[in-house]
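Every chain is numbered from 1 and lettered A, B, ... according to where its sequence line falls, protein lines coming before strand lines.
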2 protein chains.
Amino acid sequence: MTLTAAPYCYTNPRPAVSTDVVIFTIRAQHLKLLLVQRADGGPGGKWVLPGGPVRQDEDLDASARRKLREETGADVYLEQLYTFGRPGHNPRERVITVAYCALIPSDKLQLRAATDAEAVGWFGMDELPGLTSDHSEIVELAHQRLVAKLDYSTIAFEFMPELFALSDLQEVYEIILRQEIDKRNFRKWVLALEQIEETDEERRGGTHRPARLYRVKHPGKVAIIK
Amino acid sequence: MTLTAAPYCYTNPRPAVSTDVVIFTIRAQHLKLLLVQRADGGPGGKWVLPGGPVRQDEDLDASARRKLREETGADVYLEQLYTFGRPGHNPRERVITVAYCALIPSDKLQLRAATDAEAVGWFGMDELPGLTSDHSEIVELAHQRLVAKLDYSTIAFEFMPELFALSDLQEVYEIILRQEIDKRNFRKWVLALEQIEETDEERRGGTHRPARLYRVKHPGKVAIIK
DNA sequence: CCAAAAGTGTTTGAGGTACACCCATGT
DNA sequence: ACATGGGTGTACCTCAAACACTTTTGG
């Protein structure tokens with residue numbers, strides 16, 4: 001090992017630190033998450049969560065946000081999930097992973113054109129390709145947390161575009177919770193939160209009464225609701 | 001810098017990774033947390049959270065647990081809080097801190113005899129000595145999270161000794177929430193959770209009716225309550 | 001006029017809150 | 001007997017859940 005190959009030397013061993021991001025969106029009536037396939041040669045390369053080493057001069061949040069932007073171009077809600085740090089087999093190559101979770105509204109959903117280096121794709125929770133066990137664990141935790149947060153926060157609003165109908169929002173809840181919700185009760189509940197407001201726009205589409213459109217009052221801020 | 005002084009070399013810079021633990025207990029009718037004072041020479045050494053570098057072969061949880069044991073001898077409820085990783089001034093000496101929170105029941109509260117190297121002490125939230133700004137931030141977050149969790153989990157039970165009276169438990173809630181609670185309503189609520197059970201022990205103490213003692217049904221497991 | 005989604009109120013039950021007195025003991 | 005904390009029940013109110021029909025539009 002030469003100095004030019006490994007010029008960063010410490011008196012104690014140090015782990016490599018990466019961030020991995022679970023990026024969720026709602027698409028085609030399903031909750032999906034983004035995976036990338038590194039072109040490590042073979043055609044059946046492993047799909048993995050977007051992620052990689054934290055730069056030395058970069059905050060953890062910034063690192064996760066950079067990866068989010070690199071893959072999706074979107075700059076949206078992002079929160080730290082959990083930090084995983086099982087020692088690996090090789091003590092000199094230990095990796096610590098700070099996992100993040102991001103939510104993309106359907107209207108900001110345009111994948112960055114895949115580079116030569118990797119393919120990107122959205123996968124439903126039921127159709128995930130084989131992931132490494134730590135990536136499975138991260139995805140599992142992110143999903144649990146998302147479901148739990150629907151109950152006590154306005155996190156689901158982060159999936160909504162600028163303008164949306166109440167039935168769009170209801171659909172998001174139904175998709176994530178995997179259960180139907182009574183329309184009248186849902187409307188009463190969500191309006192009572194006072195976190196969305198009516199606009200005077202409406203949306204006509206198809207052979208039925210147009211839907212009134214709403215907007216999130218404080219976009220990007222997730223409120224805790226008791 | 002010689003090879004023997006810095007034998008661990010990498011092609012990219014790596015941060016040092018530490019764990020810091022916020023250790024809470026209830027003592028003398030106050031919520032207190034443990035700080036240590038490194039004997040860095042001067043008498044007015046800085047008080048800091050117990051913490052330090054993660055060993056290379058050690059899980060993050062294990063690292064936090066080790067520090068918990070080193071300072072208190074106790075092996076109790078511990079959860080990961082958040083990971084902080086602002087880049088510091090010197091890019092070669094960046095530190096990433098994984099913060100944990102631990103809760104010690106009053107009966108397991110015996111501080112390890114302080115070594116020559118450091119003093120240890122319990123401080124109320126209102127009487128904290130000046131901490132570094134990142135330690136303040138960690139303490140703040142741990143406190144918020146504790147208060148929030150009282151509402152939707154049985155985390156407060158982790159403060160209880162093996163056997164306790166309902167009024168002891170109520171007192172814990174009152175201390176942390178800083179508000180009085182109606183005795184009858186509290187008892188109805190806590191019993192309806194079905195997470196503690198009556199024993200046939202009672203405690204006599206002072207000039208009044210003895211208190212029935214209860215026990216936590218699933219010690220060490222924090223239940224989420226709707 | 002028909003199909004399709006949008007929109008709207010009322011009743012009921014569970015659980016949370018407010019509130020005051022009797023009980024068992026030690027001195 | 002009295003002071004001290006331990007222990008109990010009821011009335012009310014709020015909020016979540018169940019439930020069905022009318023409205024507006026496009027074809």
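Atom pair Asn185(B):CG and dG7(D):C1' shows a separation of 14 Å (rounding to whole Å applied). Atom-to-atom, CG of Leu191(A) to P of dG7(C) comes out at 10 Å; the value is rounded to the nearest Å. In this structure, Ile225(B) places its CD1 atom 13 Å from C1' of dG16(C), rounding to the nearest Å. Rounded to whole angstrom, the span from the CZ atom of Arg212(A) across to the C1' atom of dT8(C) amounts to 14 Å. As rounded to whole Å, 9 Å separates atom P of dA6(C) from atom CD of Gln170(A). Distance OH (Tyr173(A)) to P (dA17(D)): 13 Å, rounded to an integer number of Å. Here dA18(C) presents its P atom at 16 Å from CZ of Phe186(B), a figure rounded to the nearest Å. When the C1' atom of dA5(C) is taken as reference, atom CD of Glu171(A) falls 12 Å away, rounded to whole Å.
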Validation: residues 96-104 of chain A side-chain donor-acceptor distances under 3.5 Å, sequence neighbours left out:
residue   : atom : partner  : partner atom : Å
Tyr100(A) : OH   : Asp61(A) : N            : 3.3
Tyr100(A) : OH   : Asp61(A) : OD1          : 2.5
Tyr100(A) : OH   : Gln80(A) : OE1          : 3.4

Got a list of side-chain donor-acceptor pairs under 3.5 Å for residues 208-226 of chain A, not counting sequence neighbours?
residue   : atom : partner   : partner atom : Å
His208(A) : NE2  : Gly205(A) : O            : 2.7
Arg212(A) : NE   : Thr199(A) : O            : 3.3
Lys217(A) : NZ   : Glu194(A) : O            : 3.3

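Counting heavy atoms of neighbouring residues, nucleotides and ligands inside a 6.0 Å radius, atom CZ of Arg66(A) exceeds 12 of them.
Every residue meeting the side chain to side chain donor-acceptor pair (under 3.5 Å) condition with Thr132(B), not counting sequence neighbours, appears here in chain and number order: Asp134(B).
In this structure the side chain of Ile176(A) reaches within 4.5 angstrom of the side chain of Val147(A), judged on heavy atoms. Within the 4.5 Å cutoff, no side-chain heavy atoms of Val48(A) are placed close to those of Leu131(A).
Evaluation of the side-chain hydrogen bond (donor to acceptor under 3.5 Å, both in side chains) test over residues 138-166 of chain B, restricted to residues two or more places apart or in two chains, returns Glu79(B)-Lys149(B).
Side-chain N or O atoms of Arg69(A) include none that pairs as donor or acceptor with a backbone N or O of Ala64(A) at under 3.5 Å.
Contact annotation: side chain of Arg184(B) to base of dA20(C), donor-acceptor pair present below 3.5 Å. Judged by distance alone with a 3.5 Å cut-off, a donor-acceptor contact links the side chain of Lys183(B) to the base of dG7(D). Counting distance only, with no hydrogens placed and no angle test, the side-chain atoms of Lys188(B) and the base atoms of dT10(D) include a donor-acceptor pair under 3.5 Å.
A heavy atom lying under 4.0 Å from DNA chain C marks the following residues of residues 197-210 of chain B, by number: Arg204(B), Gly206(B), Thr207(B), His208(B), Arg209(B), Pro210(B). Within residues 148-168 of chain B, the residues that place at least one heavy atom under 4.0 Å from DNA chain D are, in residue-number order, Ser167(B).
Among the atoms of the strands shown, base atoms are found under 4.0 Å from some heavy atom of Arg187(B).
Results of the side-chain hydrogen bond (donor to acceptor under 3.5 Å, both in side chains) test with Lys67(B) over Asp20(B), Thr72(B), Thr19(B) single out Thr19(B) as the only residue that passes.
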